[in-house]
Colleague: 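Sending over a structure as structure tokens; questions will come in a sec.
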Amino acid sequence: MVATNRDEVPTNYDRKHELKAFDDTKEGVKGLVDAGITEIPRIFYHPPDECSNDYTFDHEESQHSIPVIDLEGLFDPTKRKEIVAAVGEASETWGFFQIENHGIPFDVLEEMKKGVLGFHEQDTEVKKQFYTRDHSSSPVIYNSNFDLYSAPATNWRDSFLCYMAPIPPKIEDLPEVCREILVEYSKQVMKLGKLLFELLSEALGLKPSHLNDIDCSEGLLVLGHYYPPCPQPELTMGTSKHADNNFMSVLLQDDIGGLQVFHQNKWIDVPHVPGALVVNIGDLIQLISNDIFKSVEHRVMANRRGPRVSVASFFSTGVRPSTKLFGPIKELLSEDNPPNFDLGGGALPRTLGISIKEEGC
């Protein structure tokens, strides 16, 4: 069922039926594009205010630029202090920053993007083997919109996800087209994540190992997103606005663009910087830092250009439920700075961090 604009929705529109029909194809948004559609199905329509760019600043306006932090010289004590200060300021004021000279080779980044592209553009019948909505059935899950049946509007995006830590999958269970680079990239991004948690710990005035010691880097979920070109990008979204319900996300994006961060009541473009990675604070870090660091909303606009490819790495609490609880770090609390969260004893169940409520960007 298609309509040329939001005002032409048929009176007999049955959203649930159309969602199931779309899901049953197991071909995702790419299947629609491959079929040559020129008008998007009604399930993808978003309210006009959600798709609006009326409150967007271009990233070229210097006062509205996402911070870019160079990690080179990190092991020089003087330079490290400067880097820690920059990471702390960006985490407090933006909740987002980009990093250069982070240690992951450029060719690994490029191969990872090619791997995601290769997965989504491989033979449909091969790809369908991974299509599921059961997160307990496989270490690799491919579908379109993890929240397809619960979200008010469908996003113009297909994705796969892999649980890479704390229990790595068997390599033979990973998609053949990208298994080797997926393992290598995950190893590299896990190492980088532990380093970033050291910098965040120091920025909070804690010992460098603090956040790693409380298992912030224990779980790693890698998501490979594919945003096909959209014939009517003004009607839909690539990813709806959301904040990440994890500790931290590390994003690898290509040069198509579309990622935006909500900052000072404006949507700010996050430009592609060759070789750089985007880092953002998650809800759990905001919680345990007692609101010092901010988890902020972000989104991806649909685009006539494409496909856009990105790789989101979520540092979470692992994939198995635990009795461990998280709450504001006691070293950060005082009479003048009491806990800002009332979560039944000031703690948060460990399992919250692995909910796939949102899907990265």
Side-chain angles (χ1 to χ4, degrees), residues 30 59 66-76 79 83 87 96-123 126-127 130 139-140 142 157-165 168-199 217 220-228 248-259 269-280 300 303 305-315 360-361:
K30 185 177 185 299
H59 64 84
I66 301 294
V68 179
I69 301 172
D70 189 345
L71 299 187
E72 188 173 12
L74 190 60
F75 299 103
D76 173 80
K79 183 64 176 176
I83 293 171
V87 167
F96 261 79
F97 54 94
Q98 300 207 57
I99 51 174
E100 297 179 304
N101 293 309
H102 42 67
I104 301 181
F106 184 80
D107 62 340
V108 172
L109 303 180
E110 293 301 297
E111 284 302 311
M112 187 64 224
K113 286 186 287 186
K114 289 178 183 177
V116 172
L117 190 69
F119 175 87
H120 287 284
E121 296 190 346
Q122 68 183 317
D123 182 85
V126 176
K127 189 169 57 174
F130 297 96
V140 181
Y142 153 65
R157 181 197 65 249
D158 299 330
S159 307
F160 73 82
L161 68 83
C162 303
Y163 293 100
M164 301 303 294
K170 296 177 181 178
I171 192 165
E172 60 266 27
D173 290 337
L174 298 176
E176 184 176 1
V177 70
C178 60
R179 63 173 52 144
E180 291 184 6
I181 189 59
L182 187 55
V183 170
E184 176 61 22
Y185 181 76
S186 298
K187 181 177 71 174
Q188 298 260 8
V189 84
M190 177 63 85
K191 180 180 177 182
L192 173 62
K194 290 181 178 179
L195 173 61
L196 289 168
F197 282 122
E198 286 185 9
L199 300 177
S217 57
L220 178 64
L221 179 64
V222 177
L223 303 96
H225 297 305
Y226 184 89
Y227 300 81
M248 178 180 69
S249 302
V250 176
L251 181 77
L252 169 63
Q253 63 171 345
D254 65 13
D255 60 354
I256 294 296
L259 175 61
D269 292 320
V270 181
H272 170 253
V273 177
L277 292 165
V278 181
V279 180
N280 67 279
V300 178
N303 201 320
R305 295 176 61 212
R308 177 184 185 264
V309 167
S310 68
V311 186
S313 299
F314 283 6
F315 287 89
C361 289

Colleague: Looking at every heavy atom in both P139 and D173, which two are closest together, and how far apart are they?
Modeller: CG-CB, 3.9 Å
Colleague: When you compare the side chain of V222 with that of L161, does any pair of heavy atoms fall below 4.5 Å?
Modeller: no
Colleague: Can you sort out the partners of H120 under ring pair (Phe, Tyr, Trp, His ring centres under 6.0 Å), two or more places apart, ordered by chain and number?
Modeller: F160, Y226
Colleague: If only atom types and distance count, is the side chain of Q98 paired as donor or acceptor with the main-chain N or O of P271 below 3.5 Å?
Modeller: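 The answer is yes, because a donor-acceptor pair under 3.5 Å joins these two groups.
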Colleague: Under the salt bridge (charged side-chain N to carboxylate O under 4.0 Å, His left out) test, which residues partner K30, sequence neighbours left out?
Modeller: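 By the salt bridge (charged side-chain N to carboxylate O under 4.0 Å, His left out) rule, K30 matches D34.
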Colleague: Is the shortest heavy-atom distance from the side chain of V116 to the side chain of C178 under 4.5 Å?
Modeller: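 V116 vs C178: side chains apart.
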Colleague: Mind checking the CD-CG spacing from E184 to D107? Nearest 0.5 Å is all I need.
Modeller: 9.0 Å
Colleague: Can you name the closest pair of heavy atoms from C361 and A312 and give their distance?
Modeller: N-CB, 4.4 Å
Colleague: In the structure I gave you, are the side-chain heavy atoms of L251 and L277 within less than 4.5 Å of one another anywhere?
Modeller: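 No. Closest side-chain heavy atoms not under 4.5 Å.
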Colleague: What distance separates Q122 CD from L117 CG, expressed to the nearest 0.5 Å?
Modeller: 11.0 Å
Colleague: Looking only at non-hydrogen atoms, find the nearest pair between G257 and N303 and report the distance.
Modeller: O-ND2, 4.3 Å
Colleague: Compare all side-chain heavy atoms of I99 with those of L192 and state whether any distance is below 4.5 angstrom.
Modeller: yes
Colleague: Using only atom types and a distance under 3.5 Å, with no angle test, would you say the side chain of R308 pairs donor to acceptor with the backbone of I256?
Modeller: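 No, because the side chain of R308 does not come within donor-acceptor range (under 3.5 Å) of the backbone of I256.
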Colleague: Could you go step by step and tell me if L196 and V250 meet the side-chain contact (heavy atoms from CB on, under 4.5 Å) rule?
Modeller: CA-CA 10 Å; L196 289 168; V250 176; 4.0 Å; yes
Colleague: Give a yes or no on whether the backbone of H225 and the side-chain of S310 come within a donor-acceptor separation of less than 3.5 Å.
Modeller: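 Not at all, since once roles are kept as given, no pair shorter than 3.5 Å links the two residues.
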Colleague: Keeping the roles fixed (side chain from D254, backbone from V309), state whether a donor-acceptor pair exists under 3.5 Å.
Modeller: yes
Colleague: Do you know the tightest heavy-atom contact between I83 and L199?
Modeller: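 Closest heavy-atom pair between I83 and L199: CG2-CD1, 4.2 Å.
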Colleague: Determine whether V278 and V270 satisfy the following criterion, side-chain contact (heavy atoms from CB on, under 4.5 Å), listing intermediate values before the conclusion.
Modeller: CA-CA 9 Å; V278 181; V270 181; 4.0 Å; yes
Colleague: Quick one, M164 and L221 - any side-chain contact, counting heavy atoms below 4.5 Å?
Modeller: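 They are not in side-chain contact.
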Colleague: With a 4.5 Å cut-off on side-chain heavy atoms, are L182 and C162 touching?
Modeller: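 Counting from C-beta outward, C162 and L182 do come under 4.5 Å.
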Colleague: With sequence neighbours excluded, tell me which residues meet side-chain hydrogen bond (donor to acceptor under 3.5 Å, both in side chains) with E100.
Modeller: none
Colleague: Does the side chain of Q188 come within less than 4.5 Å of P105's, by heavy atoms?
Modeller: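 P105 reaches Q188 side chain to side chain.
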Colleague: Can you pull out every salt bridge (Lys or Arg N to Asp or Glu O under 4.0 Å) where at least one residue sits in residues 109-122? Sequence neighbours excluded, please.
Modeller: E110-K113, E111-K114
Colleague: To the nearest 0.5 Å, tell me how far F315 CZ sits from S217 OG.
Modeller: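 The OG atom of S217 is 7.0 Å from CZ of F315, to the nearest 0.5 Å.
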Colleague: Taking atom CD1 of I181 and atom CZ of F119, what is their separation to the nearest 0.5 Å?
Modeller: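 Rounded to the nearest 0.5 Å, the CD1-CZ separation comes out at 16.0 Å.
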Colleague: Taking only residues two or more places apart in sequence or in another chain, which ones pass ring pair (Phe, Tyr, Trp, His ring centres under 6.0 Å) with F97?
Modeller: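 F97 satisfies ring pair (Phe, Tyr, Trp, His ring centres under 6.0 Å) with no residue once adjacent residues are dropped.
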Colleague: Once you round to the nearest 0.5 Å, how far does CG of L74 lie from CD of E198?
Modeller: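 Nearest 0.5 Å value for the CG-CD distance: 8.0 Å.
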Colleague: What's the separation between atom CD in E180 and atom CD1 in I171, rounded to the nearest 0.5 Å?
Modeller: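 It comes to 6.0 Å.
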Colleague: Any pair with a residue in residues 174-196 that passes ring-ring contact (aromatic ring centres under 6.0 Å, His included), sequence neighbours left out, goes on the list, sorted by first then second residue, please.
Modeller: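 Every candidate ring-ring contact (aromatic ring centres under 6.0 Å, His included) pair involving residues 174-196 fails, so no pair, neighbours aside, qualifies.
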Colleague: Between S186 and L220, is a side-chain contact (heavy atoms from CB on, under 4.5 Å) present by the stated rule, with each step listed?
Modeller: CA-CA 8 Å; S186 298; L220 178 64; 4.1 Å; yes
Colleague: Would V177 and K127 count as a side-chain contact (heavy atoms from CB on, under 4.5 Å) if you check the C-alpha gap in whole Å, the side-chain angles of each, and the deciding distance to 0.1 Å?
Modeller: CA-CA 10 Å; V177 70; K127 189 169 57 174; over 6 Å; no
Colleague: I'd like to check L223 versus S159 (side-chain heavy atoms, cut-off strictly below 4.5 Å). Are they in contact?
Modeller: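 Side chain of L223 against side chain of S159, heavy atoms only: no contact under 4.5 Å found.
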